[in-house]
Every structure is written in structure tokens, then in C-alpha cells.
Amino acid sequence: MRPLSSRLEALQESSTMAVANRVRELAAQGRDIVGLQTGDPDFITPAHIIEAGHRALLAGDTHYPPARGTKALLEAIAAKLERENDVRVKPTQIIATPGGKWAIYLALAALLEPGDEVILPEPAWVSYRPMIASFGGRTAGVPTSSSDGYVLTADALRAALTPRTKALLVNSPSNPHGHVFTRAEFDAIAEFVLANDLWLISDEIYERITFDGRQHLSFAADARVADRTILVNGFSKTYAMTGWRLGYLAAPPPVVDLALRLQSQAVTSASTVAMAAGVAALSGPQDCVAEMVAAYDDRRRYFVGALRDIGLPCPDVEGAFYVFTPTPREWPGGSDAFARELLDVAGVATVPGGAFGPAGEGHVRATLATSMAELERAAERIRAFVRQRVGSPA
Ligand code: PMP
Ligand code: GLU
């Protein structure tokens with residue numbers, strides 16, 4: 001046989017998806033697993049959103065939509081961006097995508113030539129590096145640390161700059177650690193991007209999930225960088241719509257033009273049913289969002305406290321719905337081994353920190369997008385597991 005694509009041979013399966021598959025296998029063997037691996041809300045999509053999709057299908061909305069997305073959804077997104085984010089874009093600057101993930105892929109496709117570099121503050125979500133690599137790009141990881149709250153500084157950004165730097169990719173609130181950029185960080189990032197003539201990809205998928213009164217800020221609303229920012233967002237997290245596969249990007253016209261060419265050739269569009277539901281999500285009542293965020297807030301307080309009680313020095317969670325906790329230092333084999341043994345021995349599934357880049361080593365990520373009862377079961381199991389292996393916490 002002739003060889004397959006070397007570029008795809010170099011690509012690994014998504015680590016979050018890989019752990020999820022392992023959990024399915026173990027569950028099929030009859031193991032009782034507490035699954036804290038995936039950022040998939042335990043909530044079902046709010047009923048009024050499901051009904052809107054249902055109604056659209058029954059009304060015969062089952063045909064190909066425009067590649068860019070339905071007029072109704074693009075207008076609803078433009079209105080939402082203005083209302084909530086102070087971002088003013090025309091519907092023609094938006095593309096509705098099958099998932100936020102594909103919006104990021106389109107953004108990178110539109111920007112990158114082989115050899116181009118993307119600066120990425122890390123720890124960062126598992127799929128950014130592989131996506132950048134799939135275009136022949138290079139990731140310049142900027143390590144940030146839990147010891148100083150994952151704050152990103154201008155100096156750290158400057159140290160990652162090379163003549164091949166094309167873009168900076170940021171994600172606030174962050175998956176995995178939840179840090180929400182402060183105004184000072186936001187300003188430092190905007191100045192850095194402007195001063196070095198870079199593109200900025202801003203993944204804002206967790207924007208609505210912030211705690212203790214923290215406010216999300218959108219770069220596309222800032223006059224310094226609005227014309228060089230690609231805003232990415234989606235419906236999966238805010239509206240518990242992971243399975244619908246719906247996201248979007250908003251970007252300057254030349255970027256949208258290229259991204260739309262790829263979307264129309266590769267996937268045509270997001271699905272009509274998801275887009276009809278998306279209109280209801282953005283235009284309908286928002287108390288469902290507040291209720292889910294309040295639940296994540298309760299859970300993070302409980303789970304961070306429980307982990308600290310066990311002896312794991314888990315930092316506060318500022319936003320998104322994960323805890324990213326340091327693992328015991330003395331653990332043989334590091335955090336990979338910790339996560340593997342925690343799953344195999346104690347039946348608790350987490351994602352090892354190294355999946356989020358070198359700066360994530362020594363940590364594991366657990367999702368809060370599961371019920372309090374499951375978090376309580378997880379805490380009990382983790383306590384017994386750590387006690388048995390390293391003795392009582394100091
Ligand atoms: N960005 C981040 C940071 C995420 O955690 C996710 C979750 N998978 C996505 C983008 C993409 O989500 P989706 O494709 O479900 O919209
Ligand atoms: N973003 C979620 C996570 O990090 C969903 C899985 C994925 O797409 O990676 O768990």
C-alpha cells in the first residue's frame with residue numbers, strides 16, 4: 001500500500017476524547033466510573049431551545065442552508081455581540097460553524113502558512129497545538145503558572161516573538177485552569193498584538209461562565225485590535241448544546257472570505273436544526289444560563305474545598321467549568337501516571353495536565369460540568385486513593 005498522509009500520521013487523537021473513549025470501554029466492562037474527563041454539561045439543552053429546533057424541522061427546514069449560516073442566526077449573533085460584548089460587526093462578518101472547534105480550525109486555516117508561528121499561553125486547551133501543527137504551523141508556548149494565578153505578562157509574550165510569529169491565540173476564561181484576563185492583562189495583550197502587527201484569535205467559548213463578579217472582555221470591541229481580531233464562540237458551553245455542534249466566528253472581511261471558501265468546500269455549513277435552535281438560544285430567555293452558572297459556582301466551591309482537604313493544593317477557579325489541580329509531587333511517573341492510576345484503580349476519570357502543553361505537567365483536570373453527587377463520589381474516591389498511596393495529607 002502507498003503511505004498515508006504524514007501530516008495526519010503526526011496528529012494524535014484529542015486527549016479529552018481519548019479518555020472519554022477509555023471511560024466508555026471500562027463502563028462497557030461493568031466498571032463504575034466517575035467521569036470527570038469531558039467538558040460536557042450534565043444539563044440537557046433548555047426546553048425552549050430544543051422546541052425551536054423541533055419546530056423548524058417539522059416546518060420543513062430540512063434543506064441546505066447558505067454556507068455562511070441562516071440569515072436569522074447571523075442576525076441573532078450580530079445582535080448578541082453588540083448587546084453583550086460591545087462588538088459591532090455586520091452579519092456578513094460572521095460564519096456559523098459546526099462547533100466552535102471548527103471555527104478555530106477555519107481561523108487558523110485562513111491565517112497560517114507552513115512555518116508560521118502562533119503564540120499560545122499555556123496550559124491551554126488540548127486541540128490548539130494539534131490544529132496549528134496540522135497546517136504546518138509551529139506553536140510558541142508561553143508558560144504561565146498556578147503559583148501566580150496564570151497571569152500573562154507582556155514580557156512573557158515578547159520572549160516568544162520571532163520573525164515568523166503570525167498570531168496570538170488566547171482563551172479567557174481558560175480551559176483548563178479558568179483564569180479570566182484582568183483589564184491590565186487585556187491591555188497588555190492588545191498593545192502587544194498591535195505593536196507587533198499580529199493577528200489575534202480570541203476563543204471566548206466560556207465567556208458567560210465567570211465567578212465572583214469577574215467580567216469577560218472582548219478584544220473585538222477594542223479599537224486598538226478590532227480589525228485584527230478573530231472572535232470565536234459557540235453554544236456548547238453556555239447553552240449546554242455540545243451535541244448540536246454549533247459555533248461561530250466573527251472576523252475582518254478578508255479572513256471571513258477565506259474561511260468561508262474552506263467551509264463551503266469542506267462541510268458546507270452548520271446544520272439547519274442546530275441553527276434554528278441557536279436563534280432561540282440567543283434571542284430567548286437567559287435565566288437558564290444564570291441557573292447553570294450558579295450550579296457550576298456551587299460545584300467549584302465544593303470541589304476545590306474537597307481537593308484541598310485531601311491535600312491537593314487546588315487554586316481557586318475564576319471561570320469556565322474545570323478544576324486544574326496540582327498532583328502530589330512525589331507521585332512516581334508524574335501526573336500522567338496519577339491520572340491513569342486514578343482511573344484504573346479508583347475509577348475516577350480526569351485528563352492529565354501534560355495534554356494542555358508542557359506547562360500543564362504536574363496537574364490533572366477535572367470537569368465541574370457534572371452533578372454534585374458525582375463530584376462527591378469522586379472526592380471520596382480520590383481521598384481514599386491518595387491516602388492509600390501517599391498517606392494522610394500534611
Ligand atoms: N474552545 C475551548 C477552549 C473548548 O474547551 C472547547 C470545547 N470543546 C471548544 C473550543 C470547542 O467546543 P465546541 O466545538 O463544542 O463548540
Ligand atoms: N472542550 C471540552 C473539553 O476540553 C470538550 C472535549 C473537546 O472538544 O476537547 O473537555
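Along the sequence shown, residues are numbered consecutively beginning with 1. First listed ligand is number 1; within each ligand, the first listed atom is number 1.
Aromatic ring centres of Phe43 and Tyr296 lie closer together than 6.0 Å.
In this structure, Tyr105 and Trp102 have parallel ring planes: the angle between them is below the 30° cut-off, well short of the 60° mark. Taking the six-membered ring where tryptophan is involved, the planes of Tyr150 and His177 are essentially parallel, since the angle between them stays under 30° and well short of 60°.
Within ligand 2, counting atoms from 1 as listed, the ones closer than 4.0 Å to a heavy atom of Met17 are 6 (C), 7 (C), 8 (O).
Nearest protein heavy-atom contact of atom 4 (O) of ligand 2 is Arg365 NH1, 2.8 Å. The protein atom (non-hydrogen) at minimum distance from atom 9 (O) of ligand 2 is Thr16 OG1, 2.7 Å.
Considering Lys237, Lys101, Gln37 only, the shortest heavy-atom separation from atom 5 (C) of ligand 2 involves Lys237.
At a 4.0 Å heavy-atom cut-off, ligand 2 touches Tyr322 through the side chain alone. Neither the backbone nor the side chain of Asp40 has a heavy atom within less than 4.0 Å of ligand 2.
A cation-pi geometry, defined here as NZ or CZ lying under 6.0 Å from the six-membered ring centre and within 45° of its normal, holds between Arg183 and Phe186.
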Could you list each N/O atom of ligand 1 together with any protein N/O atom closer than 3.5 Å, one pair per line with the distance?
unit_1: ligand 1; atom_1: 1 (N); unit_2: Asp203; atom_2: OD2; d: 2.6
unit_1: ligand 1; atom_1: 5 (O); unit_2: Asn175; atom_2: ND2; d: 2.7
unit_1: ligand 1; atom_1: 5 (O); unit_2: Tyr206; atom_2: OH; d: 2.7
unit_1: ligand 1; atom_1: 14 (O); unit_2: Gly100; atom_2: N; d: 3.2
unit_1: ligand 1; atom_1: 14 (O); unit_2: Lys101; atom_2: N; d: 3.0
unit_1: ligand 1; atom_1: 14 (O); unit_2: Arg245; atom_2: NH2; d: 2.7
unit_1: ligand 1; atom_1: 15 (O); unit_2: Ser236; atom_2: OG; d: 2.6
unit_1: ligand 1; atom_1: 15 (O); unit_2: Arg245; atom_2: NH1; d: 2.8
unit_1: ligand 1; atom_1: 16 (O); unit_2: Gly100; atom_2: N; d: 2.6
unit_1: ligand 1; atom_1: 16 (O); unit_2: Ser236; atom_2: OG; d: 3.3

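Not a single donor-acceptor pair under 3.5 Å links the side chain of Arg365 to the backbone N or O of Pro176. At least one donor-acceptor pair under 3.5 Å links the side chain of Arg245 to the backbone N or O of Thr242.
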Tell me which donor-acceptor pairs under 3.5 Å the side chains of residues 63-71 have, and how far apart each pair is, sequence neighbours excluded?
unit_1: Arg68; atom_1: NH1; unit_2: Thr92; atom_2: O; d: 2.8
unit_1: Thr70; atom_1: OG1; unit_2: Leu73; atom_2: N; d: 3.2
unit_1: Lys71; atom_1: NZ; unit_2: Glu75; atom_2: OE2; d: 3.1

In a table with atom names and distances, give each donor-acceptor pair under 3.5 Å that connects a side chain of residues 152-161 to protein atoms at least two apart or in another chain.
unit_1: Thr153; atom_1: OG1; unit_2: Ala156; atom_2: N; d: 3.1
unit_1: Asp155; atom_1: OD1; unit_2: Arg158; atom_2: NH2; d: 2.6

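The shortest N/O to N/O separation between Ser127 and ligand 2 does not fall below 3.5 Å.
As a member of the Ile/Leu/Val/Met/Phe/Trp/Tyr network built from side-chain separations under 4.5 Å, Leu8 groups with Leu11.
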